[in-house]
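Here the structure is laid out as structure tokens; the discussion comes afterwards.
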Amino acid sequence: MRVPFIDLKTQYSEVQATVEASFAEILSSGAYVLGRFNKELEEDLAKRHKVKHGIAVNSGTDALRIMMQAAGIGPGDEVIVPTFTFVATVEVVVQIGATPVFADIDAATFCLDPEAVRKAITPKTKAILPVHLYGQLADVKAFEAIAKEHGLLVFEDGAQAVLSHHEGTYTGAWGSASALSFYVTKNLGAAGDGGLILTNDDEVARRSRSLRIHGMGRERYYYDEIGYTSRMPELQAAFLCAKLARLDDWNARRAAVAATYLNELAGLPIHLPVTSPGNHHTWHQFSVRTPDRDALMAHLKEREIDSAIYYPVPLHLHEPYAHFGHGKGSLPVTEEVSDQVLCLPIHQNLADDQVAWVVESIRSFATAKV
Ligand SMILES: Cc1ncc(COP(=O)(O)O)c(C=O)c1O
């Protein structure tokens, strides 16, 4: 039985009528930028995350870059980051002229390890940028405490964590700001690229709104600073609004699939994902870990089950970023996890028999190994 990693066609069929009506309205109105759908998306997401401001931008990468720049991070500043993440987390730090300082991850959650962060602090450290990997929050309370102790800022890479929270406090409310991504494959996926900044900080919000339009100030064609072209097209905002209305149901289905995997795979000689106490996980990915990762992937492929490796090579081992780090062996947990991790299909369009087929296939692999 074929089990795809994602099913965008079925996903779209659920919102098609709404999207087509919104597109017709936008296209005939001529209101192509910063119209009512941008406003609706920003307000709805800010409300759902219980924060004051939502600022829609062109991508998650832009959200990261703009929010940090809006908070004053720049040349001479060090930002502590993980390297077990998508490239954008580190790329933006370099792009705003700051220096990324790499720290290892926690072996259970694969998110930035607070103890490793403590060790990486220098007099130049200005901020910590944890990534809420796979849909669960990193150890936000520990980072809040470290930041307070050392006078640092915390930014959240919430690209994979729309609607994730810890004890009811959502991404966006833990630090200065959080960056969401709406890349196609995300839980809330655009028809292309999109992102959004969540923040409770009025000044970060004001500057972010300015930076997304070339640094334009309160008046048209008067500039406060050097910015970007990063408005979200109105068509994209409308597409996302239609999907946002379905997101709670879709996330509930992801949670049900995750619960089945966790129950049915328990006890096998394979590491299952760990949810930290107090975390509400939104299951962007369901990652298992085994030293036989490549064999497991091949076994699943034989059975027409898609799987994916996020991320096969950590960023400190990529040529453009190598000089910021200390080479192979410098982040042992990150490197071991990269060699062993495998993400299974988890999305709202999986049928029960497809989930059962994944379970059966992993069981047959694990028992053959014992
Ligand atoms: C952890 C992480 N950070 C940042 C990004 C960048 O987001 P985008 O692709 O929307 O620019 C992504 C998205 O892939 C991501 O997964």
Side-chain angles (χ1 to χ4, degrees), residues 5-6 8 41 45 54-69 73 79-96 100 102-103 105-106 109-112 127-138 140 143 154-164 171-172 174-175 177-198 208 211-212 228-233 236-237 239-240 243-244 281-287 308-316 318 321 334 337-338 341 343 346-347:
F5 203 70
I6 190 164
L8 293 173
L41 184 73
L45 281 168
I55 300 111
V57 291
N58 239 332
S59 66
T61 306
D62 276 9
L64 281 167
R65 189 194 304 114
I66 288 174
M67 76 182 182
M68 286 200 287
Q69 196 173 328
I73 303 295
V79 180
I80 302 175
V81 288
T83 66
F84 189 61
T85 178
F86 183 64
V87 65
T89 315
V90 177
E91 183 184 48
V92 294
V93 175
V94 182
Q95 285 172 344
I96 60 174
F102 301 147
I105 53 169
D106 176 82
T109 63
F110 309 161
C111 292
L112 199 56
I128 312 167
L129 176 56
V131 177
H132 301 325
L133 200 71
Y134 302 150
Q136 80 162 323
L137 264 53
V140 275
F143 297 124
V154 177
F155 296 96
E156 302 171 72
D157 184 334
Q160 302 183 5
V162 62
L163 295 181
S164 299
T171 184
W174 285 100
S178 178
L180 301 182
S181 163
F182 307 127
Y183 179 65
V184 178
T185 54
K186 296 294 193 288
N187 290 27
L188 180 60
D193 287 298
L196 188 127
I197 297 163
L198 294 167
S208 296
L211 283 167
R212 77 175 168 182
Y228 307 96
T229 315
S230 193
R231 287 168 290 225
M232 177 183 286
Q236 196 65 276
F239 186 85
L240 287 164
K243 283 195 173 180
L244 184 53
H281 201 316
T282 48
W283 298 108
H284 175 56
Q285 299 294 348
F286 188 99
S287 64
I309 302 171
Y310 300 116
Y311 297 90
V313 179
L315 295 171
H316 66 286
H318 288 267
Y321 299 98
T334 295
V337 169
S338 297
V341 84
C343 296
I346 185 161
H347 56 85

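Only heavy atoms go into these numbers, but all of them, side chains included; no hydrogens, no water, no symmetry mates. Indexing begins at 1, ligand by ligand and atom by atom, following the structure's order.
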Test side-chain contact (heavy atoms from CB on, under 4.5 Å) on D193 and Y183 and set out the steps. CA-CA 5 Å; D193 287 298; Y183 179 65; 3.5 Å; yes
Could you walk me through whether L315 and E91 pass the side-chain contact (heavy atoms from CB on, under 4.5 Å) test, one step at a time? CA-CA 10 Å; L315 295 171; E91 183 184 48; over 6 Å; no
Given H318 and V87, is the side-chain contact (heavy atoms from CB on, under 4.5 Å) satisfied, shown in steps? CA-CA 10 Å; H318 288 267; V87 65; over 6 Å; no
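Proximity of a side-chain donor or acceptor of R212 to a complementary backbone N or O of A56 within less than 3.5 Å is detected.
With values rounded to the nearest 0.5 angstrom, Q160 atom CD is found 6.5 Å from T85 atom OG1.
Of all heavy-atom pairs between T229 and N58, the closest is O-ND2, 3.7 Å.
Ring orientation note: the planes of F110 and Y134 are nearly perpendicular, at an angle over 60° on the 30°/60° scale.
Some N or O of G60 is nearer than 3.5 Å to an N or O of ligand 1, by distance alone. Among the atoms of Q160, some N or O lies under 3.5 angstrom from an N or O of ligand 1. Where the criterion is an N or O separation shorter than 3.5 Å, residue side chain and backbone included, S181 meets it with respect to ligand 1.
Those atoms of ligand 1 with a heavy atom of T89 less than 4.0 angstrom away are 3 (N). Near T85, meaning under 4.0 Å from any of its heavy atoms, are these atoms of ligand 1: 1 (C). Per-residue contacts place Y311 under 4.0 angstrom from the following atoms of ligand 1 (heavy atoms of the residue considered): 16 (O). Of all the atoms in ligand 1, the ones that sit under 4.0 Å from a non-hydrogen atom of S59 are 10 (O), 11 (O). Within ligand 1, the atoms closer than 4.0 Å to a non-hydrogen atom of T61 are 6 (C), 7 (O), 8 (P), 11 (O), numbered from 1 in the order shown. In summary, the atoms of ligand 1 found under 4.0 Å from a heavy atom of K186, numbered by their order in the structure, are 12 (C), 13 (C), 14 (O), 16 (O).
The closest side-chain donor-acceptor pair between Q69 and Y228 falls under 3.5 angstrom.
With a 4.0 Å cut-off on non-hydrogen atoms, V131 touches ligand 1 through its side chain and not its backbone. When heavy-atom distances to ligand 1 are checked against a 4.0 Å cut-off, Y134 has no atom that comes that close, whether in backbone or side chain.
Counting protein heavy atoms only, atom 15 (C) of ligand 1 is closest to A159 CB, 3.4 Å. Annotation: atom 5 (C) of ligand 1 to nearest protein heavy atom, F86 CD2, 3.5 Å. Atom 3 (N) of ligand 1 has its closest protein heavy atom at D157 OD2, 2.8 Å.
The shortest side-chain heavy-atom distance between V57 and L211 does not fall under the 4.5 Å cut-off.
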